[in-house]
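Working notes, structure below.
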Amino acid sequence: MALRFFSSPMEKAMKNFVQAGDTLVVPAPYDRSAGQGAQAGQIFGVCAGDAVSGADVALKVSGVFDLTKIGSQAWTVGQLIYWDNTNKRCTNVATGNLLIGVAVTAVDNGAGSTIGRVRLNGAARANEA
């Protein structure tokens with residue numbers, strides 16, 4: 001039986017409660033370092049530690065993170081942000097990418113603007129068509 005993590009008496013009373021769900025342990029879909037984004041199926045999160053492909057990695061699926069983005073894109077506060085799994089970076093382009101959250105700070109479109117602050121939505125969702 002798996003370990004169960006309770007943070008409140010109500011959760012302890014629920015026989016089927018497993019964990020809060022803000023961190024999920026999954027097989028790493030590819031080699032990653034701590035702090036990098038990763039997409040496992042329709043789950044996106046930020047790696048809590050280094051992992052090689054196939055090894056267990058803890059993904060933080062909610063919270064606010066500074067993540068790699070396309071330098072040529074400007075972001076506005078509240079703009080939907082997607083994960084480009086081919087290039088392993090964030091983008092504001094929906095087509096073919098997984099919605100992961102929203103921008104919480106504006107970022108200009110300069111070539112050196114390759115980091116964006118994203119609030120992860122914590123939801124598993126299908127890629128945009």
Side-chain angles (χ1 to χ4, degrees):
M1 177 184 255
L3 293 175
R4 296 178 187 266
F5 303 96
F6 304 113
S7 59
S8 73
M10 181 178 63
E11 291 170 353
K12 189 173 183 179
M14 294 183 291
K15 303 290 186 213
N16 60 343
F17 181 82
V18 178
Q19 68 182 51
D22 61 331
T23 302
L24 302 174
V25 177
V26 300
Y30 30 77
D31 293 354
R32 293 275 80 183
S33 296
Q36 291 183 314
Q39 181 180 337
Q42 297 302 310
I43 299 169
F44 176 84
V46 176
C47 297
D50 297 346
V52 295
S53 181
D56 282 351
V57 65
L59 294 180
K60 188 79 169 142
V61 298
S62 61
V64 178
F65 296 89
D66 288 337
L67 297 172
T68 304
K69 67 175 269 302
I70 296 173
S72 61
Q73 288 182 346
W75 291 1
T76 58
V77 173
Q79 184 173 22
L80 294 176
I81 301 300
Y82 301 84
W83 180 249
D84 174 352
N85 203 40
T86 300
N87 296 299
K88 311 295 187 267
R89 61 186 178 188
C90 297
T91 179
N92 59 15
V93 175
T95 304
N97 297 313
L98 182 71
L99 177 64
I100 63 168
V102 296
V104 296
T105 57
V107 183
D108 68 26
N109 63 349
S113 298
T114 59
I115 300 293
R117 187 159 290 168
V118 181
R119 190 237 183 239
L120 301 182
N121 64 13
R125 180 177 169 160
N127 290 13
E128 298 291 326

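Source: prediction; values computed, not measured.
Nearest heavy-atom pair across Gly54 and Pro27 is O-CB, 3.9 Å. Here the shortest heavy-atom pairing between Thr23 and Ala58 reads CG2-CB, 3.8 Å. Heavy atoms only, all atoms of each residue included: Val26 and Ala40 are closest at CG2-CB, 4.1 Å. The minimum heavy-atom distance linking Cys47 with Arg32 is given by the pair SG-CB, 3.5 Å. Between Val61 and Gly21, the shortest heavy-atom distance links the atoms CG2-O, 3.3 Å. Between Ala28 and Ala51, the shortest heavy-atom contact is CB-CB, 3.9 Å.
When the shell of 6.0 Å around CZ of Arg117 is examined, it contains 12 or fewer heavy atoms from other residues, nucleotides or ligands.
With contacts defined as side-chain heavy-atom distances shorter than 4.5 Å, the pair Ser72/Asn109 does not qualify. Ile115 has its side chain out of reach of Leu67: every pair of non-hydrogen atoms, C-beta onward, lies at least 4.5 Å apart. Using a 4.5 Å heavy-atom cutoff, the side chains of Cys90 and Trp83 are in contact. The closest side-chain heavy-atom distance from Val77 to Val104 is not below 4.5 Å. Taking 4.5 Å as the limit, some side-chain heavy atom of Gln19 sits within range of a side-chain heavy atom of Leu24.
With values rounded to the nearest 0.5 angstrom, Ile70 atom CD1 is found 11.0 Å from Thr114 atom OG1. Taken from CG in Leu120 to CG in Leu99, the straight-line distance is 10.5 Å, to the nearest 0.5 Å.
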- Task: Run the numbers on Thr91 and Gln73 for side-chain contact (heavy atoms from CB on, under 4.5 Å), then give the verdict.
- Result: CA-CA 8 Å; Thr91 179; Gln73 288 182 346; 2.7 Å; yes
- Just do the side-chain contact (heavy atoms from CB on, under 4.5 Å) check on Asp84 and Val93 with the steps written out, would you? CA-CA 9 Å; Asp84 174 352; Val93 175; over 6 Å; no
- Step-by-step side-chain contact (heavy atoms from CB on, under 4.5 Å) determination, Val118 to Trp75: CA-CA 10 Å; Val118 181; Trp75 291 1; 3.7 Å; yes
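At least one test fails for Lys60 against the ring of Phe65: distance under 6.0 Å to the centre or angle within 45° of the axis.
Panel note: side chain Asn87, backbone Arg89; no donor-acceptor pair is recorded below 3.5 Å. At least one donor-acceptor pair closer than 3.5 Å links the side chain of Asn92 to the backbone N or O of Ala74. Using a distance-only test at 3.5 Å, with no hydrogens or angles considered, no donor-acceptor pair links the side chain of Gln39 to the main chain of Leu98.
Not a single salt bridge (charged side-chain N to carboxylate O under 4.0 Å, His left out) links Lys69 to another residue, sequence neighbours left out.
There is no path of hydrophobic side-chain contacts, each under 4.5 Å, that joins Ile43 to Tyr30.
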